[in-house]
Amino acid sequence: MRWAGQRIEAETPGTLPGLGSIAGLVRSVTTPEFQGITFHEVLARSALNSVPGTGLPFNWTINPYRGCTHACRYCFARPTHRYLELDQGLDFDQQIVVKTNVADVLRRELARPSWRGEQVALGTNTDPYQRAEGRYRLMPGIIEALAASGTPLSILTKGTLLRRDLDLLVAAAEQVPVGLGVSLALADEELRRLVEPGVPSVRGRLELIRAIREAGLPCGVMVAPVLPWLTDSSEQLDHLFGELAAAGATGVTTLVLHLRPGVKEWFMSWLAQERPDLVSRYDQLYSHGTNALPSFRNAFEDKVRPLLDKHGFGRASRHRSSSASESRSTTAMGAGIRSTNGVVEASGPGSDSGWGEPDPSDDRFRGPNRRPDRGRSGGRSRHPAAPVPAATPGPEQQPLF
(Lines give C-alpha, C1' and ligand atoms only; values in the text may rest on other atoms or scores of the structure.)
Protein backbone atom coordinates (compact mmCIF):
# COMPACT_ATOMS: atom_id res chain seq x y z
CA MET A 1 0.00 0.00 0.00
CA ARG A 2 1.46 3.36 -1.01
CA TRP A 3 0.61 5.12 2.25
CA ALA A 4 1.62 2.47 4.78
CA GLY A 5 1.91 2.40 8.53
CA GLN A 6 -1.55 3.79 9.11
CA ARG A 7 -3.21 3.40 12.44
CA ILE A 8 -6.65 4.44 13.65
CA GLU A 9 -6.94 4.35 17.40
CA ALA A 10 -7.42 6.82 20.22
CA GLU A 11 -4.28 5.93 22.15
CA THR A 12 -1.58 3.33 21.69
CA PRO A 13 1.63 2.55 23.54
CA GLY A 14 4.42 4.58 21.97
CA THR A 15 2.11 7.24 20.55
CA LEU A 16 3.86 10.60 20.35
CA PRO A 17 3.26 12.71 23.48
CA GLY A 18 0.10 14.77 23.31
CA LEU A 19 -1.09 13.47 19.98
CA GLY A 20 -3.13 10.67 21.48
CA SER A 21 -5.20 13.20 23.41
CA ILE A 22 -5.80 15.69 20.58
CA ALA A 23 -9.49 15.89 19.88
CA GLY A 24 -10.22 14.71 16.37
CA LEU A 25 -7.11 12.60 15.78
CA VAL A 26 -8.05 9.95 13.21
CA ARG A 27 -4.82 8.28 12.16
CA SER A 28 -1.09 8.73 11.70
CA VAL A 29 0.35 8.08 8.26
CA THR A 30 3.83 7.42 6.90
CA THR A 31 4.83 7.00 3.28
CA PRO A 32 8.05 6.30 1.35
CA GLU A 33 7.67 9.59 -0.55
CA PHE A 34 8.18 11.47 2.73
CA GLN A 35 10.90 9.55 4.51
CA GLY A 36 11.07 10.43 8.18
CA ILE A 37 7.78 12.36 8.08
CA THR A 38 4.60 11.37 9.91
CA PHE A 39 1.27 12.96 9.03
CA HIS A 40 -1.31 13.07 11.81
CA GLU A 41 -4.75 13.41 10.27
CA VAL A 42 -7.32 15.15 12.44
CA LEU A 43 -10.93 16.22 12.14
CA ALA A 44 -10.85 19.91 12.97
CA ARG A 45 -13.57 21.50 15.07
CA SER A 46 -13.02 24.91 13.48
CA ALA A 47 -11.24 26.36 10.47
CA LEU A 48 -11.21 30.10 11.13
CA ASN A 49 -8.78 31.41 13.77
CA SER A 50 -9.52 34.80 15.29
CA VAL A 51 -6.45 37.04 15.71
CA PRO A 52 -7.82 40.48 16.63
CA GLY A 53 -5.66 43.30 17.86
CA THR A 54 -2.40 42.10 16.32
CA GLY A 55 -1.76 45.19 14.21
CA LEU A 56 -2.00 43.07 11.08
CA PRO A 57 -4.31 43.89 8.13
CA PHE A 58 -6.60 40.99 8.96
CA ASN A 59 -8.37 39.49 11.97
CA TRP A 60 -8.78 35.93 10.71
CA THR A 61 -6.45 33.18 9.53
CA ILE A 62 -6.68 29.57 8.38
CA ASN A 63 -3.94 27.03 9.06
CA PRO A 64 -4.70 23.74 7.27
CA TYR A 65 -1.42 22.26 8.54
CA ARG A 66 0.59 22.44 11.76
CA GLY A 67 4.31 21.86 11.44
CA CYS A 68 6.06 22.28 8.10
CA THR A 69 8.29 20.08 5.97
CA HIS A 70 10.04 23.16 4.59
CA ALA A 71 12.19 22.81 7.73
CA CYS A 72 13.45 26.41 7.65
CA ARG A 73 16.01 26.77 10.42
CA TYR A 74 14.68 30.21 11.36
CA CYS A 75 10.90 29.57 11.23
CA PHE A 76 9.12 31.78 13.78
CA ALA A 77 6.22 29.29 14.09
CA ARG A 78 8.30 26.52 15.64
CA PRO A 79 7.22 27.17 19.26
CA THR A 80 3.58 26.45 18.35
CA HIS A 81 4.42 22.74 18.27
CA ARG A 82 4.87 22.82 22.02
CA TYR A 83 1.08 22.96 22.34
CA LEU A 84 1.12 19.40 21.00
CA GLU A 85 3.81 18.41 23.55
CA LEU A 86 6.23 18.17 20.63
CA ASP A 87 9.51 20.03 20.28
CA GLN A 88 10.21 23.01 18.08
CA GLY A 89 13.10 21.26 16.32
CA LEU A 90 12.84 18.04 14.35
CA ASP A 91 9.27 17.39 15.50
CA PHE A 92 8.15 20.63 13.86
CA ASP A 93 9.78 19.48 10.60
CA GLN A 94 8.67 15.86 10.76
CA GLN A 95 5.41 15.57 12.74
CA ILE A 96 2.79 17.30 10.59
CA VAL A 97 -0.83 17.73 11.66
CA VAL A 98 -3.28 17.75 8.73
CA LYS A 99 -6.82 19.10 9.16
CA THR A 100 -8.39 16.84 6.58
CA ASN A 101 -11.92 18.27 6.89
CA VAL A 102 -10.90 21.94 6.99
CA ALA A 103 -12.75 22.93 3.80
CA ASP A 104 -16.05 21.39 4.95
CA VAL A 105 -15.79 23.03 8.36
CA LEU A 106 -14.93 26.35 6.72
CA ARG A 107 -18.03 26.26 4.53
CA ARG A 108 -20.21 25.83 7.60
CA GLU A 109 -18.50 28.69 9.41
CA LEU A 110 -18.77 31.04 6.44
CA ALA A 111 -22.49 30.27 6.13
CA ARG A 112 -23.23 31.52 9.63
CA PRO A 113 -25.29 34.73 9.77
CA SER A 114 -22.66 36.21 12.09
CA TRP A 115 -19.88 35.98 9.50
CA ARG A 116 -19.13 39.47 8.17
CA GLY A 117 -16.89 38.58 5.25
CA GLU A 118 -13.69 39.96 6.74
CA GLN A 119 -10.37 39.20 5.08
CA VAL A 120 -8.82 35.79 5.81
CA ALA A 121 -5.08 35.21 5.53
CA LEU A 122 -3.29 31.93 4.81
CA GLY A 123 0.41 31.25 5.24
CA THR A 124 0.79 33.36 8.36
CA ASN A 125 1.94 30.41 10.47
CA THR A 126 2.87 27.30 8.49
CA ASP A 127 2.87 27.10 4.72
CA PRO A 128 -0.42 25.97 3.13
CA TYR A 129 1.48 24.89 0.00
CA GLN A 130 4.07 22.69 1.66
CA ARG A 131 4.66 19.37 -0.09
CA ALA A 132 1.86 17.51 1.72
CA GLU A 133 -0.67 19.72 -0.06
CA GLY A 134 0.10 17.76 -3.22
CA ARG A 135 -1.60 14.75 -1.65
CA TYR A 136 -4.23 16.27 0.63
CA ARG A 137 -5.42 19.03 -1.75
CA LEU A 138 -6.94 21.16 0.99
CA MET A 139 -6.38 24.56 -0.64
CA PRO A 140 -8.76 24.26 -3.62
CA GLY A 141 -11.71 23.72 -1.29
CA ILE A 142 -10.59 26.58 0.96
CA ILE A 143 -10.19 29.01 -1.95
CA GLU A 144 -13.54 28.08 -3.45
CA ALA A 145 -15.33 28.36 -0.10
CA LEU A 146 -13.90 31.81 0.63
CA ALA A 147 -14.64 33.17 -2.83
CA ALA A 148 -18.17 31.77 -2.91
CA SER A 149 -18.96 33.42 0.43
CA GLY A 150 -17.63 36.82 -0.66
CA THR A 151 -14.65 36.65 1.70
CA PRO A 152 -11.40 38.39 0.65
CA LEU A 153 -8.30 36.24 0.99
CA SER A 154 -4.54 36.50 0.92
CA ILE A 155 -1.89 33.78 0.66
CA LEU A 156 1.80 33.96 1.55
CA THR A 157 3.85 30.92 0.50
CA LYS A 158 7.21 29.46 -0.46
CA GLY A 159 5.47 26.58 -2.21
CA THR A 160 5.57 26.39 -5.99
CA LEU A 161 2.55 24.08 -5.75
CA LEU A 162 0.44 27.25 -5.77
CA ARG A 163 0.76 27.14 -9.58
CA ARG A 164 -1.66 24.21 -9.56
CA ASP A 165 -4.38 26.51 -8.22
CA LEU A 166 -3.76 29.59 -10.37
CA ASP A 167 -6.94 29.10 -12.39
CA LEU A 168 -8.93 28.89 -9.15
CA LEU A 169 -7.27 32.04 -7.84
CA VAL A 170 -7.94 33.92 -11.08
CA ALA A 171 -11.60 32.92 -10.83
CA ALA A 172 -11.69 33.89 -7.15
CA ALA A 173 -10.24 37.32 -7.97
CA GLU A 174 -13.32 37.97 -10.11
CA GLN A 175 -15.47 37.53 -6.98
CA VAL A 176 -13.38 38.89 -4.10
CA PRO A 177 -10.07 40.68 -3.46
CA VAL A 178 -7.19 38.18 -3.65
CA GLY A 179 -3.66 38.99 -2.48
CA LEU A 180 -0.70 36.74 -3.25
CA GLY A 181 2.79 36.87 -1.79
CA VAL A 182 5.85 34.69 -2.34
CA SER A 183 8.55 34.36 0.30
CA LEU A 184 12.04 34.49 -1.23
CA ALA A 185 14.82 35.73 1.04
CA LEU A 186 18.00 34.72 -0.77
CA ALA A 187 19.34 33.96 -4.24
CA ASP A 188 22.17 31.58 -3.24
CA GLU A 189 20.98 28.05 -3.98
CA GLU A 190 23.74 26.41 -1.94
CA LEU A 191 22.83 28.43 1.14
CA ARG A 192 19.14 27.76 0.47
CA ARG A 193 19.77 24.01 0.76
CA LEU A 194 21.40 24.55 4.14
CA VAL A 195 19.00 27.01 5.74
CA GLU A 196 15.72 26.04 3.96
CA PRO A 197 16.28 22.37 3.10
CA GLY A 198 12.65 21.53 2.28
CA VAL A 199 11.81 24.69 0.33
CA PRO A 200 11.52 24.77 -3.49
CA SER A 201 14.52 26.16 -5.33
CA VAL A 202 15.21 29.84 -5.83
CA ARG A 203 14.63 29.46 -9.57
CA GLY A 204 11.35 27.64 -8.96
CA ARG A 205 10.00 30.49 -6.84
CA LEU A 206 11.08 33.11 -9.35
CA GLU A 207 9.16 31.16 -11.97
CA LEU A 208 6.18 31.06 -9.60
CA ILE A 209 6.23 34.87 -9.41
CA ARG A 210 6.30 35.03 -13.22
CA ALA A 211 3.41 32.59 -13.48
CA ILE A 212 1.29 34.58 -11.04
CA ARG A 213 1.94 37.79 -12.94
CA GLU A 214 1.24 36.18 -16.32
CA ALA A 215 -2.08 35.04 -14.89
CA GLY A 216 -2.91 38.72 -14.36
CA LEU A 217 -2.63 38.65 -10.56
CA PRO A 218 -0.41 40.86 -8.40
CA CYS A 219 2.46 39.24 -6.49
CA GLY A 220 4.37 40.82 -3.63
CA VAL A 221 7.55 39.25 -2.32
CA MET A 222 8.69 38.84 1.26
CA VAL A 223 12.48 39.03 1.35
CA ALA A 224 12.38 37.60 4.83
CA PRO A 225 14.11 36.91 6.97
CA VAL A 226 17.32 38.61 5.96
CA LEU A 227 20.13 36.81 7.83
CA PRO A 228 22.84 39.10 9.22
CA TRP A 229 26.26 38.45 7.63
CA LEU A 230 24.80 35.63 5.55
CA THR A 231 22.31 37.26 3.14
CA ASP A 232 22.45 40.98 3.94
CA SER A 233 25.30 42.32 1.82
CA SER A 234 24.55 45.06 -0.69
CA GLU A 235 25.72 42.78 -3.48
CA GLN A 236 23.40 39.95 -2.45
CA LEU A 237 20.35 42.19 -2.04
CA ASP A 238 21.07 44.08 -5.26
CA HIS A 239 21.17 40.79 -7.17
CA LEU A 240 18.01 39.46 -5.53
CA PHE A 241 15.99 42.67 -6.08
CA GLY A 242 17.04 42.61 -9.72
CA GLU A 243 15.76 39.04 -10.08
CA LEU A 244 12.47 39.97 -8.41
CA ALA A 245 11.98 42.99 -10.66
CA ALA A 246 12.70 40.87 -13.75
CA ALA A 247 10.14 38.29 -12.56
CA GLY A 248 7.50 41.02 -12.24
CA ALA A 249 7.10 41.35 -8.47
CA THR A 250 4.62 44.10 -7.61
CA GLY A 251 6.10 44.87 -4.21
CA VAL A 252 8.94 43.91 -1.88
CA THR A 253 9.06 43.74 1.89
CA THR A 254 12.35 43.04 3.64
CA LEU A 255 12.54 41.86 7.23
CA VAL A 256 15.64 41.35 9.36
CA LEU A 257 15.74 38.01 11.18
CA HIS A 258 14.15 37.96 14.61
CA LEU A 259 14.73 35.12 17.04
CA ARG A 260 12.05 34.22 19.55
CA PRO A 261 12.72 31.85 22.44
CA GLY A 262 12.66 28.32 21.08
CA VAL A 263 13.47 29.48 17.57
CA LYS A 264 16.70 31.09 18.75
CA GLU A 265 18.03 27.89 20.28
CA TRP A 266 17.29 25.86 17.13
CA PHE A 267 18.76 28.45 14.77
CA MET A 268 21.86 28.98 16.89
CA SER A 269 22.55 25.25 17.03
CA TRP A 270 22.47 25.22 13.22
CA LEU A 271 24.70 28.29 13.07
CA ALA A 272 27.23 26.70 15.43
CA GLN A 273 27.44 23.72 13.09
CA GLU A 274 27.56 25.56 9.76
CA ARG A 275 29.09 28.95 10.61
CA PRO A 276 30.73 28.82 14.05
CA ASP A 277 32.61 32.02 13.19
CA LEU A 278 29.32 33.95 13.40
CA VAL A 279 28.04 32.63 16.74
CA SER A 280 29.58 35.31 18.94
CA ARG A 281 28.44 38.06 16.55
CA TYR A 282 24.85 36.76 16.68
CA ASP A 283 25.02 36.47 20.46
CA GLN A 284 25.91 40.13 20.63
CA LEU A 285 23.45 41.23 17.94
CA TYR A 286 20.51 39.52 19.71
CA SER A 287 21.73 40.10 23.25
CA HIS A 288 18.76 42.30 24.17
CA GLY A 289 15.91 40.12 22.94
CA THR A 290 14.08 38.91 19.87
CA ASN A 291 15.11 41.67 17.48
CA ALA A 292 18.54 42.63 16.21
CA LEU A 293 20.07 45.70 17.86
CA PRO A 294 18.52 48.98 16.67
CA SER A 295 21.83 50.18 15.24
CA PHE A 296 21.95 47.16 12.94
CA ARG A 297 18.33 47.52 11.85
CA ASN A 298 18.74 51.22 11.08
CA ALA A 299 21.89 50.60 9.07
CA PHE A 300 20.09 47.85 7.19
CA GLU A 301 17.20 50.16 6.29
CA ASP A 302 19.62 52.80 5.03
CA LYS A 303 21.32 50.19 2.86
CA VAL A 304 18.11 48.71 1.44
CA ARG A 305 16.27 51.88 0.42
CA PRO A 306 18.52 52.92 -2.50
CA LEU A 307 18.60 49.32 -3.74
CA LEU A 308 14.81 49.18 -3.81
CA ASP A 309 14.75 52.48 -5.68
CA LYS A 310 17.33 51.20 -8.15
CA HIS A 311 15.11 48.28 -9.13
CA GLY A 312 11.88 50.24 -9.36
CA PHE A 313 10.31 49.43 -6.00
CA GLY A 314 10.16 53.02 -4.79
CA ARG A 315 6.96 54.59 -6.07
CA ALA A 316 4.22 55.77 -3.71
CA SER A 317 2.84 52.85 -1.78
CA ARG A 318 -0.22 52.12 0.30
CA HIS A 319 1.49 49.20 2.02
CA ARG A 320 0.43 48.44 5.54
CA SER A 321 2.81 50.20 7.88
CA SER A 322 3.18 51.10 11.50
CA SER A 323 1.96 54.41 12.83
CA ALA A 324 3.95 57.55 12.11
CA SER A 325 5.30 57.55 15.65
CA GLU A 326 6.75 54.07 15.14
CA SER A 327 8.11 54.56 11.62
CA ARG A 328 11.11 56.41 10.26
CA SER A 329 10.33 59.45 8.15
CA THR A 330 8.96 58.64 4.73
CA THR A 331 10.62 61.82 3.45
CA ALA A 332 14.00 60.48 4.51
CA MET A 333 13.23 57.14 2.97
CA GLY A 334 11.99 58.38 -0.37
CA ALA A 335 8.50 58.11 -1.83
CA GLY A 336 6.92 54.70 -1.65
CA ILE A 337 9.33 53.14 0.84
CA ARG A 338 8.39 52.75 4.48
CA SER A 339 10.38 51.14 7.26
CA THR A 340 10.22 50.36 10.92
CA ASN A 341 12.16 48.03 13.20
CA GLY A 342 14.07 46.39 10.37
CA VAL A 343 11.01 45.95 8.14
CA VAL A 344 11.22 47.83 4.84
CA GLU A 345 8.22 47.85 2.49
CA ALA A 346 8.13 49.13 -1.08
CA SER A 347 5.82 48.85 -4.06
CA GLY A 348 7.02 48.73 -7.63
CA PRO A 349 6.11 50.58 -10.81
CA GLY A 350 3.85 47.71 -11.79
CA SER A 351 1.61 48.08 -8.77
CA ASP A 352 -0.94 50.56 -7.50
CA SER A 353 -0.42 49.45 -3.92
CA GLY A 354 2.54 47.13 -3.59
CA TRP A 355 0.61 43.98 -2.85
CA GLY A 356 -2.33 45.34 -4.75
CA GLU A 357 -3.79 45.66 -8.20
CA PRO A 358 -1.22 45.78 -11.03
CA ASP A 359 -0.81 49.03 -12.93
CA PRO A 360 -2.29 48.36 -16.39
CA SER A 361 -0.04 50.95 -18.05
CA ASP A 362 3.28 49.35 -17.14
CA ASP A 363 4.42 46.47 -19.34
CA ARG A 364 7.57 45.85 -17.32
CA PHE A 365 5.58 44.10 -14.63
CA ARG A 366 3.40 41.86 -16.79
CA GLY A 367 5.72 38.87 -16.91
CA PRO A 368 8.80 38.24 -19.01
CA ASN A 369 7.43 37.89 -22.54
CA ARG A 370 3.78 38.72 -22.89
CA ARG A 371 0.74 40.37 -21.40
CA PRO A 372 -1.50 38.27 -19.16
CA ASP A 373 -3.94 36.03 -21.00
CA ARG A 374 -7.11 38.07 -20.82
CA GLY A 375 -9.15 35.03 -21.71
CA ARG A 376 -8.28 33.27 -18.48
CA SER A 377 -9.38 35.94 -16.08
CA GLY A 378 -11.72 38.02 -18.21
CA GLY A 379 -9.38 41.00 -18.05
CA ARG A 380 -8.18 42.96 -15.07
CA SER A 381 -9.74 41.89 -11.79
CA ARG A 382 -12.63 44.07 -10.73
CA HIS A 383 -11.37 43.97 -7.13
CA PRO A 384 -8.26 45.50 -5.57
CA ALA A 385 -6.10 42.78 -4.06
CA ALA A 386 -6.36 41.88 -0.41
CA PRO A 387 -3.27 42.98 1.52
CA VAL A 388 -0.72 40.25 2.11
CA PRO A 389 0.82 40.24 5.61
CA ALA A 390 3.99 42.31 5.53
CA ALA A 391 5.49 40.96 8.73
CA THR A 392 5.29 37.87 10.88
CA PRO A 393 2.41 37.73 13.39
CA GLY A 394 2.77 38.26 17.08
CA PRO A 395 3.05 35.46 19.63
CA GLU A 396 -0.64 35.74 20.45
CA GLN A 397 -1.50 34.26 17.04
CA GLN A 398 -1.73 30.52 17.63
CA PRO A 399 -3.40 28.01 15.34
CA LEU A 400 -6.53 26.51 16.82
CA PHE A 401 -8.38 23.25 16.28
Side-chain angles (χ1 to χ4, degrees), residues 51-57 61 68 70-83 86-89 91-93 123-126 156 183 185-186 191 195-196 222-233 236-237 253-305 319-329 332-333 338-345 389-399:
V51 289
T54 59
L56 296 171
T61 67
C68 186
H70 284 164
C72 300
R73 311 298 186 186
Y74 50 73
C75 182
F76 73 92
R78 288 182 173 277
T80 63
H81 243 41
R82 291 175 177 169
Y83 292 89
L86 298 170
D87 68 54
Q88 71 270 13
D91 283 349
F92 182 84
D93 303 338
T124 64
N125 201 296
T126 56
L156 179 63
S183 179
L186 50 87
L191 180 59
V195 76
E196 303 171 343
M222 286 284 290
V223 177
V226 176
L227 306 177
W229 305 298
L230 287 170
T231 65
D232 68 333
S233 73
Q236 289 169 314
L237 293 169
T253 297
T254 63
L255 170 67
V256 175
L257 174 72
H258 65 281
L259 294 173
R260 294 177 181 171
V263 179
K264 184 175 184 179
E265 291 79 3
W266 185 248
F267 179 83
M268 292 299 291
S269 67
W270 171 83
L271 192 68
Q273 179 179 346
E274 298 294 339
R275 289 296 303 270
D277 57 306
L278 293 179
V279 170
S280 61
R281 299 177 77 178
Y282 268 76
D283 283 338
Q284 181 177 3
L285 185 62
Y286 292 91
S287 59
H288 293 288
T290 295
N291 294 313
L293 293 175
S295 58
F296 182 94
R297 300 199 306 268
N298 291 338
F300 172 77
E301 293 170 11
D302 291 339
K303 173 170 55 180
V304 164
R305 289 195 299 272
H319 263 47
R320 182 189 64 83
S321 65
S322 300
S323 66
S325 63
E326 296 173 337
S327 300
R328 302 180 71 187
S329 168
M333 292 183 295
R338 304 183 182 188
S339 62
T340 181
N341 296 327
V343 180
V344 183
E345 302 174 285
T392 50
E396 67 274 17
Q397 181 181 338
Q398 307 294 351

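Count residues from 1 along the sequence.
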Visitor: Search all heavy atoms of L230 against all heavy atoms of L191 and return the closest pair with its distance.
Guide: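 Minimum heavy-atom contact is O-CD2, 3.9 Å.
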Visitor: Taking C-beta and beyond as the side chain, do L227 and V195 meet within less than 4.5 Å on heavy atoms?
Guide: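 When only atoms from C-beta onward are counted, V195 and L227 do touch, with a gap below 4.5 Å.
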Visitor: Taking the side chain from R297 and the backbone from V256, do they hold a donor-acceptor pair closer than 3.5 Å?
Guide: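 No: the side chain of R297 does not pair with the backbone of V256.
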Visitor: Taking side chain to side chain contact (heavy atoms under 4.5 Å, CB included) as the test, write out the residues that go with S269, two or more places apart.
Guide: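 So S269 forms a side chain to side chain contact (heavy atoms under 4.5 Å, CB included) with W266.
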Visitor: Quick one: side chains of residues 278-287, donor-acceptor pairs under 3.5 Å with protein atoms, not counting sequence neighbours, listed by atom name and distance.
Guide:
{"residue": "Y282", "atom": "OH", "partner": "P228", "partner atom": "O", "Å": "2.6"}
{"residue": "Y286", "atom": "OH", "partner": "L257", "partner atom": "O", "Å": "2.6"}
{"residue": "S287", "atom": "OG", "partner": "Q284", "partner atom": "O", "Å": "2.8"}

Visitor: Would you indicate whether the side-chain heavy atoms of L271 and E274 approach each other to under 4.5 Å?
Guide: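 They are not in contact (no side-chain heavy atoms under 4.5 Å apart), so the answer is no.
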Visitor: Is there a donor-acceptor contact under 3.5 Å from the side chain of E265 to the main chain of G262?
Guide: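 Answer holds: yes.
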Visitor: What residues, two or more places apart in sequence or in another chain, satisfy side-chain hydrogen bond (donor to acceptor under 3.5 Å, both in side chains) together with Q236?
Guide: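 In terms of side-chain hydrogen bond (donor to acceptor under 3.5 Å, both in side chains), with neighbours along the sequence ignored, Q236 is linked to S233.
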Visitor: Between P225 and A185, which heavy-atom pair has the shortest distance, and what is it?
Guide: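 Of all heavy-atom pairs spanning P225 and A185, the closest is O-CB, 3.6 Å.
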Visitor: When you measure from the side chain of K303 to the backbone of L237, do you find a donor-acceptor pair of N or O atoms at a distance under 3.5 Å?
Guide: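 No: the side chain of K303 does not pair with the backbone of L237.
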Visitor: For the pair R78 (side chain) and C72 (backbone), establish whether a donor and an acceptor sit closer than 3.5 Å, ignoring hydrogens and angles.
Guide: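 Yes, the answer is positive, given that a donor and an acceptor are paired below the 3.5 Å cut-off.
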Visitor: So which atom in C75 and which in V263 form the shortest heavy-atom distance, rounded to 0.1 Å?
Guide: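 Result for this residue pair: O-CG2, 3.3 Å.
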Visitor: Roughly how far, to the nearest 0.5 Å, is the CZ atom of R73 from the CD atom of Q273?
Guide: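 Output value for this atom pair is 7.5 Å.
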Visitor: Within the structure provided, determine whether D232 and V304 are in side-chain contact (heavy-atom separation under 4.5 Å).
Guide: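 Result no, sub-4.5 Å side-chain heavy-atom pair not found.
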Visitor: Enter the distance from L255:CG to F76:CZ here, rounded to the nearest 0.5 Å.
Guide: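 Answer for the CG-CZ pair, L255 versus F76, is 10.0 Å.
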Visitor: ring-ring contact (aromatic ring centres under 6.0 Å, His included) with F296: which residues, sequence neighbours excluded?
Guide: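 With neighbours one apart ignored, the set is W229.
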Visitor: Find out whether E196 and Y74 are in side-chain contact, i.e. whether some heavy atom of one side chain is under 4.5 Å from a heavy atom of the other.
Guide: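 In short, these two side chains touch, coming nearer than 4.5 Å.
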Visitor: Taking only residues two or more places apart in sequence, or in another chain, which ones meet W270 in a ring-ring contact (aromatic ring centres under 6.0 Å, His included)?
Guide: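 Counting only residues at least two positions away or on another chain, W270 forms a ring-ring contact (aromatic ring centres under 6.0 Å, His included) with F267.
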